[in-house]
Amino acid sequence: MENLAAGPPIITLRGVSKTYRRDTIAVPVLAALDLDVAAGEFLALMGPSGSGKSTILNLVSGIDTPTAGRVVVAGVDLGGLDNAALAAFRARHVGFIFQSYNLIPVLTAFQNVELPLLLTALDRRERRQHVLDVLEVVGLNDRSDHFPRQLSGGQEQRVAIARAIVSDPSLLVADEPTGDLDAASAAEILDLIGRLNREFGKTVVMVTHDPRAAERAHRVLHLDKGVLVEAVRREQP
Amino acid sequence: MRLPLQYNLRNLVVRRTMTLMTAGGIALVVAVLVLTLALAHGFSATLVATGRADNAIVLRGGATSEMMSSLSRDSARIVAADPAVARGPDGEPLAQPEMVVLVNLLRRGDPDASSNVSVRGVDPQVFALRPDIRLREGRMLRPGMDEVLVGRKLDRRFEGCGLGETLHMGGRDWRVVGTFDAGGSGFDSEIWGDREAFLPAFDRVEYSSLTLRLTDPARLADLLARLEADPRVRAEPQIEREYYRLQSQQLAGVIRALGLFLVVVMAAGAVFGALNTMYAAVGSRSREIATLLALGFPPRSILASFLVESVLLCLIGGVLGCLLALPVHGVSTGTTNWASFSEVAFEFRISPGILAIGLLASVVLGLVGGYFPARAAARRTVSEALRAG
Ligand SMILES: Nc1ncnc2c1ncn2[C@@H]1O[C@H](COP(=O)(O)OP(=O)(O)O)[C@@H](O)[C@H]1O
Ligand SMILES: [Mg+2]
């Protein structure tokens, strides 16, 4: 069995600092942070609220840029990209899973999942096929015409996951994906994310407060006061 | 790259109360715009339709309207003898002097309201020169009698103008022996009587104008040159239709200016409504916008989408406004023709072009009202907007 942590890194952070500025007050969040994530790895980030976990996800996914340091993801040095290039990078390489699903309420499940494909050159037929395929993966092909308000929280999150994988990105970032769910739905979502990692080879970086969620990961990192500490490392079962 | 149109439409439906209120404001603006243009159009159409392209009207040199013109009997005779003037079957020139005065008449059903009406002293053979005009009821004028014909837009609007009624003007009573139909032109708002009976009654010696048939409209220039060269006359011919067209331009312009001023004031209010609605939309969809940006939609897609939404919103208003204005099409109204200070009856005329302008205006209002909110949406920083959600 391959040691995934030893594979080629898909994410490399070197000396990364992030300081937010509120008016004249500087809020340092991350300082001189180093991090490597191997392709195919499932990494969990834990830590107290406000420690900067979401900030790391934002830097890794090209939503935000560091104050200092280098971020290289999927071979792309994000430091050199302008906003348009970052948007294109996100569309191509990153699938997002949010705590509160962030589905567009006025669009059906199908249309929500189709959104990322509108940024590709695929025609309507091809888009339709891709959407149906991923709805099948998340087990919701019978709900494609439902609006988000007609779905349960767990179903909404599954639609969101379908949207995250429909354009086949190599990296999934999930920010507390089970934070709004009951235990049963949370377990389903974690199973699904685990499957995407194992069967579809997606690299997963997941922020979570839930120790049971962290159990699914190959590696758990704790972030506290700007320092990352490795808490758990296990070989893939 | 474009977000689906359904996304915008459904958002408008979800916020239907706000959508309808905003669209209602736009609808009022568009309705007033359409009505203003329809009024000016109807007015122009009425006066433009007045007069023939092969008739010339001769006024005193320098006079800009019949009201300000006077022409002596000698001048009229000299002009009528010109070779450019066509002749009738009897070999006589088709040229008729006319006299126009304004008479203040009471409106029917309202003893306090009165308006100036154009009263024209014509030749008993007036239809020979104006074959498009026909007798509608009653009979023709008899020479030398105290009789009048009334245009079809006046008989029901003014006291004493109905067939068989008696009008008092110029110190005399005139019996209405007929009504005529001038095909919706300005003549429909005139009263005609025998010129030779009118002259003494209204204390006139000279005519106001001479209307003549040209053998060929192209010979107008020859006629003009000869009249200018002739020291005995001071008279200036122009094509009759052109004369009325110029007369109409002034008032049509005033209607447009006043109406458009109202439109601009209202449009400012309506744009604020749209602006407000779109800012509210952008505000309440913060997280949605952040999500779309995170998925990789470029800011210009977000900008375009909110602009489209604003335009759709205002276009709904535009369509409503046109529907609101449509029933007024064909409704007749009267206004004072400032060029002659006389009452002219005309209709609101809504044309496809005017409706297109109304819809276009609503699109422009949508773009103006939507631009700043759309730009604000497109400029959001994803990380901040996601947190704000
Ligand atoms: N856009 C921002 N502007 C200002 N401060 C921010 C911003 N984003 C995050 N922060 C601050 O940075 C710190 C870390 O935030 P975050 O990464 O969201 O923490 P976590 O996800 O671990 O709860 C917090 O103190 C937060 O207030
Ligand atoms: Mg967070």
Side-chain angles (χ1 to χ4, degrees), chain A residues 18 20-22 29 50 54-59 61-66 82-108 110-121 124 127 147-149 160 163-164 166-167 169 173 175, chain B residues 1-19 277-278 280-306 308-310 312-313 316 374-389:
Chain A
K18 182 68 188 179
Y20 289 107
R21 239 161 246 294
R22 235 178 223 138
V29 179
S54 295
T55 301
I56 291 179
L57 283 193
N58 288 347
L59 293 175
S61 58
I63 273 182
D64 214 343
T65 48
D82 61 13
N83 279 337
L86 279 175
F89 162 82
R90 293 195 296 270
R92 178 150 152 54
H93 293 289
V94 188
F96 289 90
I97 304 169
F98 305 94
Q99 176 173 353
S100 38
Y101 333 128
N102 290 15
L103 297 178
I104 310 297
V106 298
L107 298 182
T108 62
F110 183 98
Q111 291 169 322
N112 266 286
V113 174
E114 191 186 20
L115 281 173
L117 298 181
L118 298 178
L119 296 164
T120 66
R124 181 186 275 271
R127 291 203 303 266
F147 287 93
R149 64 169 184 283
R163 179 178 68 185
V166 72
S167 55
V173 297
D175 199 343
Chain B
M1 287 281 190
R2 261 204 34 68
L3 283 157
L5 205 60
Q6 276 180 21
Y7 168 66
N8 305 108
L9 278 172
R10 291 203 191 128
N11 270 306
L12 290 174
V13 172
V14 166
R15 292 175 291 126
R16 49 184 145 320
T17 312
M18 210 157 176
T19 298
T277 301
M278 290 313 296
V282 170
S284 67
R285 273 143 72 190
S286 243
R287 179 197 294 273
E288 218 169 283
I289 296 165
T291 304
L292 292 170
L293 287 169
L295 293 181
F297 280 91
R300 74 189 130 78
S301 292
I302 308 289
L303 180 93
S305 179
F306 275 90
V308 163
E309 191 163 320
S310 178
L312 279 175
L313 170 67
I316 294 172
R375 198 181 60 164
R379 282 187 176 176
R380 306 210 68 146
T381 320
V382 191
S383 57
E384 278 171 30
L386 275 176
R387 294 174 72 84

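T19(B) is linked by a side chain to side chain contact (heavy atoms under 4.5 Å, CB included) to L12(B), R15(B), L313(B), I316(B), counting only residues two or more places apart in sequence or in another chain.
If you measure heavy-atom distances from N102(A) to chain B, the contacts under 4.5 Å come from both the backbone and the side chain. Using a 4.5 Å cut-off between heavy atoms, F147(A) touches chain B through its side chain atoms alone. Proximity to chain A is limited to the side chain of L292(B), based on heavy atoms less than 4.5 angstrom apart. Contacts between Q111(A) and chain B at a heavy-atom distance below 4.5 Å involve the side chain alone, from C-beta outward. At a 4.5 Å heavy-atom cutoff, the contact between F98(A) and chain B is made by side-chain atoms alone.
Interatomic distance, F297(B) CZ to L119(A) CG, rounded to the nearest 0.5 Å: 4.0 Å. If you take CD on E384(B) and CG on D64(A), they are separated by 8.0 Å, rounding to the nearest 0.5 Å. Here the CZ atom belonging to R10(B) is positioned 12.0 Å from the CD1 atom belonging to I104(A), to the nearest 0.5 angstrom. To the nearest 0.5 Å, the span separating CG on L115(A) from OG1 on T291(B) amounts to 10.0 Å. With rounding to the nearest 0.5 angstrom, the CG atom of L59(A) is 9.0 Å from the OG atom of S383(B).
Contact residues of residues 89-97 of chain A toward chain B are R90(A), A91(A), F96(A) (heavy-atom distance under 4.5 Å).
Counting heavy-atom pairs closer than 4.5 Å to chain A, the top-ranked of the candidates V13(B), L293(B), V14(B), T381(B) is L293(B).
Between L386(B) and I63(A), some side-chain heavy-atom pair lies under the 4.5 Å cut-off.
A donor atom on one side chain and an acceptor atom on the other are found under 3.5 Å apart for S100(A) and R287(B).
Of all heavy-atom pairs between L295(B) and R163(A), the closest is CD1-CD, 3.8 Å.
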